[in-house]
Amino acid sequence: MTTIAFDGQQLELNPGQTVLSALLDRGYDIPNSCQAGACQTCMMQVVEGELPDKSQLGLKDTLKAQGYFLACSCEPETPLAIVTSKSADLRSTVSVIGHETLGNNVLCLRIKPTEAFEYYSGQYLTVWKSETVGRSYSIASVAALNDYLELHIRRVENGVVSNWLHDEVKLGDDLQIQSATGDCFYIPGTPEQNILLAGTGTGLAPLFGIASDALHQGHSGNIHLVHGALKSKDLYMHQTLIDMAAQYSNFYYYASVLELGQNEQVSPPVTNESFATTVMNVAADPADWKVYLCGGPDIVGQLKKAIFLAGASIKNIYSDPFISAHSNDD
């Protein structure tokens, strides 16, 4: 059993307990969302002691050097003295310049930073509703093409942040965001390599960004994008992707729709096959492909295994599963 010093108190942690869990158990209002080391909303700072490596996975070197760590991933082996993060150092101000509903229930939010903001298309950032409530959303824009950040935000029933962004935020408003992170982005150097991009729902956002970035950088290999949706109305960028396929000879778009309306017929690029079946039909021989997977943890895990068994190298498979807030308040 080890201890952490916080807020003038010495707190004992149970074996295997994380810093975040210990603080929440004692009533502290520590910002957090996914509790899985992905969203980075629970970032804190150590002032004394040695952090486990796992607690800094995914953080930029500049943040690691300052002692920042993820409280939800920190199971300390030795005593630590910690403080809450310096929010002003981590967050940036942006202005809302675009607020448009796409398809059935997806908000296309465009925000313009007031200062330099570094990112790769396909990474994700955190939008803060308040000092302690924030949610992570993937970036669909391309830094070299756009002077704004584009996010695709699905409305979630009873979602604290998603409904606020849909209903209350308006053009001209200022928002607070946190730095971009994530491993799903285009890496130049092998322009002839085929690429598979597969995602469900707003998992399309990072994939659209990656495809746009790759095409902008002159990628010559084939780029196959598969979007999975429950109903046809959920294909919220359908015409945009059809136009993209018409513009670029090496870009291919496929859509999987599970539930068809009465008398509804489908035709290419739309199919009524399952998303997983559609993906594997497209990537029947992915041995030399680069693969990007986005969506819920279950389908991402299933496809990652299937594509690996079909011959893809594990080093060429990139995945950012979407992990909802632990309370389901997206």
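None of the values given here were measured: they were computed from a predicted structure.
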message = Whether the Gln40 and Thr181 side chains hold a donor-acceptor pair (N or O, under 3.5 Å, no angle test) is what I'd like checked.
response = yes

ask   = Do Leu230 and Ile153 sit in the same hydrophobic cluster, where Ile, Leu, Val, Met, Phe, Trp and Tyr count as joined when their side-chain heavy atoms come under 4.5 Å apart?
value = no

request  = Using a 4.5 Å cut-off on heavy atoms from C-beta on, say whether the side chain of Lys112 contacts that of Asp147.
outcome  = yes

key: Those residues that, when tested against Arg26, pass side-chain hydrogen bond (donor to acceptor under 3.5 Å, both in side chains) (two or more places apart)   = none

query = So, the side chain of Ser92 versus the backbone of Ile177: is there a donor-acceptor pair under 3.5 Å, distance only?
reply = no

Side chains of Thr93 and Gln176, donor plus acceptor under 3.5 Å = yes

ask   = Could you walk me through whether Asp25 and Gln17 pass the side chain to side chain contact (heavy atoms under 4.5 Å, CB included) check?
value = CA-CA 11 Å; Asp25 283 351; Gln17 188 176 28; 3.0 Å; yes

message = Can you confirm whether Leu24 sits close enough to Gln35 that some side-chain heavy atom of one is under 4.5 Å from a side-chain heavy atom of the other?
response = yes

request  = List the steps, then state whether side chain to side chain donor-acceptor pair (under 3.5 Å) holds for Thr2 with Glu77.
outcome  = CA-CA 6 Å; Thr2 188; Glu77 299 176 358; over 6 Å; no

task = Using a 4.5 Å cut-off on heavy atoms from C-beta on, say whether the side chain of Val83 contacts that of Val46.
result = no

task = State, with a plain yes or no, whether a side-chain heavy atom of Val161 is found less than 4.5 Å away from one of Trp128.
result = no

request  = Taking Ser55 for its side chain and Pro52 for its backbone only, find out whether a donor-acceptor pair lies under 3.5 Å.
outcome  = yes

ask   = Does some side-chain heavy atom of Val133 sit less than 4.5 Å from a side-chain heavy atom of Ser130?
value = yes

query = Can Asn272 and Glu259 be counted as having a side-chain donor-acceptor contact under 3.5 angstrom?
reply = no

inquiry  = So Tyr252 and Val282, do their side chains get closer than 4.5 Å, heavy atoms only?
reply    = no

message = Minimum heavy-atom separation for Lys60 and Glu118, please, with both atom names.
response = NZ-O, 4.4 Å

message = Quick one, Leu13 and Thr3 - any side-chain contact, counting heavy atoms below 4.5 Å?
response = no

inquiry  = If only side-chain N and O atoms count, and only distance matters, is there a donor-acceptor pair under 3.5 Å linking His152 with Tyr236?
reply    = yes

Show me, pair by pair, the donor-acceptor contacts under 3.5 angstrom made by side chains of residues 204-224, not counting sequence neighbours?
{"residue": "Ser212", "atom": "OG", "partner": "Phe208", "partner atom": "O", "Å": "2.8"}
{"residue": "Asp213", "atom": "OD1", "partner": "Gln217", "partner atom": "NE2", "Å": "3.1"}
{"residue": "Asp213", "atom": "OD2", "partner": "Gln217", "partner atom": "NE2", "Å": "3.4"}
{"residue": "His219", "atom": "ND1", "partner": "Tyr186", "partner atom": "OH", "Å": "2.9"}
{"residue": "His219", "atom": "ND1", "partner": "Pro191", "partner atom": "O", "Å": "3.4"}
{"residue": "His219", "atom": "NE2", "partner": "Pro191", "partner atom": "O", "Å": "3.3"}
{"residue": "His219", "atom": "NE2", "partner": "Gln193", "partner atom": "O", "Å": "2.6"}
{"residue": "Ser220", "atom": "OG", "partner": "Pro191", "partner atom": "O", "Å": "3.0"}
{"residue": "His224", "atom": "ND1", "partner": "Tyr254", "partner atom": "OH", "Å": "2.8"}

ask   = Are Leu125 and Trp164 connected, step by step, through hydrophobic side chains (Ile, Leu, Val, Met, Phe, Trp, Tyr) whose heavy atoms are closer than 4.5 Å?
value = yes

query = Should the heavy atoms of other residues, nucleotides or ligands under 6.0 Å from CG of Asp183 be counted, would the total exceed 12?
reply = no

task = Indicate yes or no: at least one non-hydrogen side-chain atom of Cys42 is less than 4.5 angstrom from one of Pro31.
result = no

ask   = Just checking, any donor-acceptor pair under 3.5 angstrom between side chains of Asn250 and Tyr248?
value = no

Check: residues 101-110 side-chain donor-acceptor pairs under 3.5 Å, at least two apart:
{"residue": "Arg110", "atom": "NE", "partner": "Glu150", "partner atom": "OE1", "Å": "2.8"}
{"residue": "Arg110", "atom": "NH2", "partner": "Glu150", "partner atom": "OE1", "Å": "3.0"}

inquiry  = Donor-acceptor pair, distance only, cut-off 3.5 Å: does the side chain of Ser33 make one with the backbone of Arg135?
reply    = no

Within one Ile-Leu-Val-Met-Phe-Trp-Tyr cluster: Ile187 and Leu225, side-chain cutoff 4.5 Å = yes

Which pairs would a plain distance check flag for residues 238-245, meaning a side-chain donor or acceptor within less than 3.5 Å of a matching protein atom at least two apart in sequence or in another chain?
{"residue": "His238", "atom": "ND1", "partner": "Tyr253", "partner atom": "OH", "Å": "2.8"}
{"residue": "Gln239", "atom": "NE2", "partner": "Asp243", "partner atom": "OD1", "Å": "2.9"}

inquiry  = How about CG on Asp167, more than 12 heavy atoms from neighbouring residues, nucleotides or ligands closer than 6.0 Å, or not?
reply    = yes

task = Carefully, step by step, assess Met44 and Phe69 under the rule side chain to side chain contact (heavy atoms under 4.5 Å, CB included).
result = CA-CA 5 Å; Met44 301 186 74; Phe69 69 97; 3.8 Å; yes

message = Could you go through Ile97 and Ile111, starting from their C-alpha distance and side-chain angles, then the distance that decides it, and tell me whether this counts as side chain to side chain contact (heavy atoms under 4.5 Å, CB included)?
response = CA-CA 6 Å; Ile97 64 168; Ile111 49 180; over 6 Å; no

Non-neighbouring partners of Asp173 that pass salt bridge (Lys or Arg N to Asp or Glu O under 4.0 Å), sequence neighbours left out = Lys170

inquiry  = Using the side chain to side chain contact (heavy atoms under 4.5 Å, CB included) definition, which of the options Val19, Leu51, Leu11 pairs with Ile82?
reply    = Val19

task = May I ask you to decide if Asn163's main-chain N or O and Glu168's side chain share a donor-acceptor pair within less than 3.5 Å?
result = no

query = Do you reckon Val142 sits in the same ILVMFWY cluster as Val94, going by side-chain contacts under 4.5 Å, direct or chained?
reply = no

task = For Asn281 and Val279, indicate whether the former's side chain and the latter's backbone hold a donor-acceptor pair under 3.5 Å.
result = no

remark   = Taking every heavy atom of Arg154 against every heavy atom of His166, the minimum-distance pair comes out as C-NE2, 3.9 Å

task = Would you check if the side chain of Ser256 reaches a backbone N or O of Glu273 as a donor-acceptor pair within less than 3.5 Å?
result = yes

query = Between Ser232 and Glu264, does any side-chain donor sit less than 3.5 Å from a side-chain acceptor?
reply = yes

Ala229 versus Asp234, closest heavy-atom pair with distance = CB-CB, 3.7 Å

inquiry  = Applying a strict under-4.5 Å side-chain criterion to I, L, V, M, F, W and Y, I'd like to know whether Tyr119 and Val96 cluster together.
reply    = yes

query = Closest approach of Ser136 and Tyr124, non-hydrogen atoms and distance?
reply = CB-CD1, 4.0 Å

Review item, side-chain donor-acceptor pairs of residues 284-310, under 3.5 Å, at least two apart:
{"residue": "Tyr292", "atom": "OH", "partner": "Phe185", "partner atom": "O", "Å": "3.0"}

task = Walk me through it: do Thr126 and Tyr137 pass the test side chain to side chain donor-acceptor pair (under 3.5 Å)?
result = CA-CA 6 Å; Thr126 298; Tyr137 301 104; over 6 Å; no

message = Could you report the tightest heavy-atom contact between Cys72 and Ala36, atom names first, then the distance?
response = SG-N, 3.9 Å

Gln66 vs Gln45, side chain to side chain contact (heavy atoms under 4.5 Å, CB included): CA-CA, chis, key distance, verdict = CA-CA 8 Å; Gln66 296 175 73; Gln45 193 173 24; 4.0 Å; yes

